[in-house]
Amino acid sequence: MISRLNPQLKKELLNRSNNQIDPLIANLNKLYSATSTHTITVELVRANIEQSIEQNIFEVLTAALKHDYTQMLTLFDDQMRQGTAVVQLTSILSSQLSFIVSVKILSKRMSEGEIVAALKAHPYRVKLALQNRAALAMLVAKQKGIIELEFGYKSGQFQGETPLKSFLLTF
């Protein structure tokens with residue numbers, strides 16, 4: 001059934017199902033019941049299947065690295081409206097930056113397949129990290145910055161979303 005979908009639709013559906021079969025089947029059932037024509041489109045997927053918090057934060061980070069601050073702020077504000085705690089966002093952002101830095105370092109001496117095996121990560125996640133054109137030195141500096149920010153939130157030094165938003169605007 002999924003093999004008959006166009007590549008963009010398949011990618012979007014798999015992405016929103018975290019590349020796992022049970023959520024994929026549940027999402028397909030949800031989509032078929034959401035349409036009277038039994039035609040699934042990318043727009044239907046985006047309107048009816050939410051992304052995981054990790055996917056949303058990855059998009060926030062990607063927009064920040066591309067200096068697309070309007071998109072970044074829109075995605076960030078959407079996440080805040082969904083009730084996600086700033087500390088949780090900071091932790092996930094820290095994890096994502098760490099992953100990108102690890103992939104960049106390993107890419108200097110390993111192939112994409114070897115990186116997947118070494119990090120035990122999904123191949124698509126590694127591929128996306130390899131597409132990131134940001135300089136390693138800048139990413140390491142941002143990684144240190146997010147660690148300090150995370151500590152500030154956890155120690156009570158920072159509150160609210162402003163410190164995290166300000167940090168994201170420095171990319």
Side-chain angles (χ1 to χ4, degrees), residues 11-20 22-23 26-27 42-43 45-110 112 115-171:
K11 178 181 169 185
E12 189 72 28
L13 188 56
L14 287 170
N15 186 22
R16 290 181 185 243
S17 301
N18 290 325
N19 295 301
Q20 296 179 5
D22 290 336
N27 287 337
V42 173
E43 294 76 23
V45 171
R46 289 179 180 157
N48 290 284
I49 309 296
E50 287 190 23
Q51 289 184 315
S52 69
I53 187 172
E54 290 83 7
Q55 292 165 331
N56 282 337
I57 297 305
F58 184 79
E59 286 187 18
V60 167
L61 180 59
T62 300
L65 288 168
K66 290 180 180 177
H67 307 289
D68 185 353
Y69 300 118
T70 303
Q71 176 72 6
M72 186 262 316
L73 289 171
T74 300
L75 293 167
F76 182 87
D77 290 340
D78 287 347
Q79 198 61 52
M80 294 307 298
R81 273 192 293 282
Q82 292 177 17
T84 307
V86 178
V87 173
Q88 187 178 15
L89 294 175
T90 307
S91 293
I92 294 169
L93 187 59
S94 175
S95 171
Q96 299 230 348
L97 274 169
S98 178
F99 182 77
I100 292 170
V101 167
S102 298
V103 169
K104 279 216 174 263
I105 291 170
L106 292 174
S107 71
K108 295 184 186 309
R109 58 181 180 263
M110 291 182 169
E112 187 175 327
I115 295 170
V116 168
L119 296 178
K120 295 180 177 74
H122 192 278
Y124 184 68
R125 190 171 179 217
V126 172
K127 180 182 227 109
L128 288 176
L130 287 170
Q131 290 173 354
N132 186 310
R133 298 293 175 219
L136 181 60
M138 187 276 289
L139 289 169
V140 169
K142 294 301 179 189
Q143 184 180 18
K144 289 177 184 176
I146 195 68
I147 290 168
E148 291 171 7
L149 190 63
E150 186 176 12
F151 178 78
Y153 274 114
K154 290 180 178 179
S155 67
Q157 180 182 359
F158 299 128
Q159 294 180 353
E161 61 191 57
T162 304
L164 181 55
K165 262 188 187 179
S166 297
F167 173 78
L168 289 168
L169 289 169
T170 66
F171 277 79

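We count residues from 1, following the sequence as given. Worth knowing before you read on, the calculation uses all heavy atoms, side chains too, and leaves out hydrogens, waters and symmetry mates.
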Exercise for the section: Taking the side chain as every heavy atom from C-beta outward, state whether Asp77 and Lys165 have any atom pair closer than 4.5 Å. Expected result: yes

Practice task
Check whether any side-chain heavy atom of Leu119 sits under 4.5 Å from a side-chain heavy atom of Arg125, and report yes or no.
Solution key: no

Fill in the blank from the handout: Tyr153 meets the side chain to side chain contact (heavy atoms under 4.5 Å, CB included) criterion, sequence neighbours left out, with Val86, Val87, Thr90, Leu149, Phe158, Pro163, Leu164

Handout entry: Side chain proximity check, Gln79 to Leu75, heavy atoms < 4.5 angstrom
Key = no

Practice task
Please list all pairs passing the ring-ring contact (aromatic ring centres under 6.0 Å, His included) test where one or both residues lie in residues 69-95, with sequence neighbours left out.
Solution key: His67-Tyr69

Handout entry: By side chain to side chain contact (heavy atoms under 4.5 Å, CB included) - contacts of Thr162 (at least two apart)
Key = Ser166

Handout entry: Gln96 side chain vs Glu54 backbone, donor-acceptor pair below 3.5 Å
Key = yes

Handout entry: Ser107 side chain to Lys104 backbone, donor-acceptor under 3.5 Å
Key = yes

Handout entry: Ile105 CD1 to Met110 CE distance, which is reported to the nearest 0.5 Å
Key = 11.5 Å

Handout entry: Test item: Val116 and Lys127 side chains (from C-beta on) under 4.5 Å apart, heavy atoms
Key = no

Practice task
For Gln71 and Ala63, work out which heavy atoms get closest and say how close.
Solution key: CG-CB, 4.0 Å

Practice task
Sequence neighbours left out, what passes side-chain hydrogen bond (donor to acceptor under 3.5 Å, both in side chains) with Asp68? Give chain and number order.
Solution key: none

Practice task
Hey, could you give me the CD1/CG distance between Ile146 and Leu139, rounded to the nearest 0.5 Å?
Solution key: 12.5 Å

Handout entry: Within 6.0 Å of CD in Gln55, more than 12 heavy atoms from elsewhere
Key = yes

Exercise for the section: Let me see the working for Leu93 and Val60 under side chain to side chain contact (heavy atoms under 4.5 Å, CB included), right down to the final yes or no. Expected result: CA-CA 9 Å; Leu93 187 59; Val60 167; 5.6 Å; no

Handout entry: With Ser91 via side-chain hydrogen bond (donor to acceptor under 3.5 Å, both in side chains) - residues at least two apart
Key = Glu150

Practice task
Return the minimal non-hydrogen interatomic distance between Lys142 and Leu97, and the atom names on each side.
Solution key: O-CD1, 3.9 Å

Handout entry: From Leu61 atom CG to Leu89 atom CG, the distance as rounded to the nearest 0.5 Å
Key = 12.0 Å

Exercise for the section: Would you check if Ile92 and Ile53 make a side-chain contact, meaning some heavy-atom pair closer than 4.5 Å? Expected result: yes

Handout entry: Results of salt bridge (Lys or Arg N to Asp or Glu O under 4.0 Å) for Arg81 - residues two or more places apart only
Key = Asp78

Exercise for the section: Could you go through the side chain to side chain contact (heavy atoms under 4.5 Å, CB included) check for Lys108 and Leu136 one step at a time? Expected result: CA-CA 11 Å; Lys108 295 184 186 309; Leu136 181 60; 4.2 Å; yes

Problem - Heavy-atom pair of closest approach, residues Phe167 and Gly145 - result: CE1-C, 3.8 Å

Problem - Thr62 OG1 to Leu128 CG distance, which is reported to the nearest 0.5 Å - result: 7.0 Å

Exercise for the section: State the CD-CG distance between Glu43 and Asn48, to the nearest 0.5 angstrom. Expected result: 11.5 Å

Practice task
Check whether any side-chain heavy atom of Gln143 lies under 4.5 Å from a side-chain heavy atom of Ile100, and answer yes or no.
Solution key: no

Exercise for the section: Quick one: pull up CZ in Phe171 and CE in Met138 and give me the separation to the nearest 0.5 Å. Expected result: 6.5 Å

Problem - Contact check, side chains of Ile147 and Phe151, non-hydrogen atoms, under 4.5 Å - result: no

Practice task
Could you pull out the closest heavy-atom pair between Pro23 and Ser17, with the gap in Å?
Solution key: CB-O, 3.7 Å

Problem - Donor-acceptor pair, side chain of Thr84 and main chain of Met80, under 3.5 angstrom - result: no

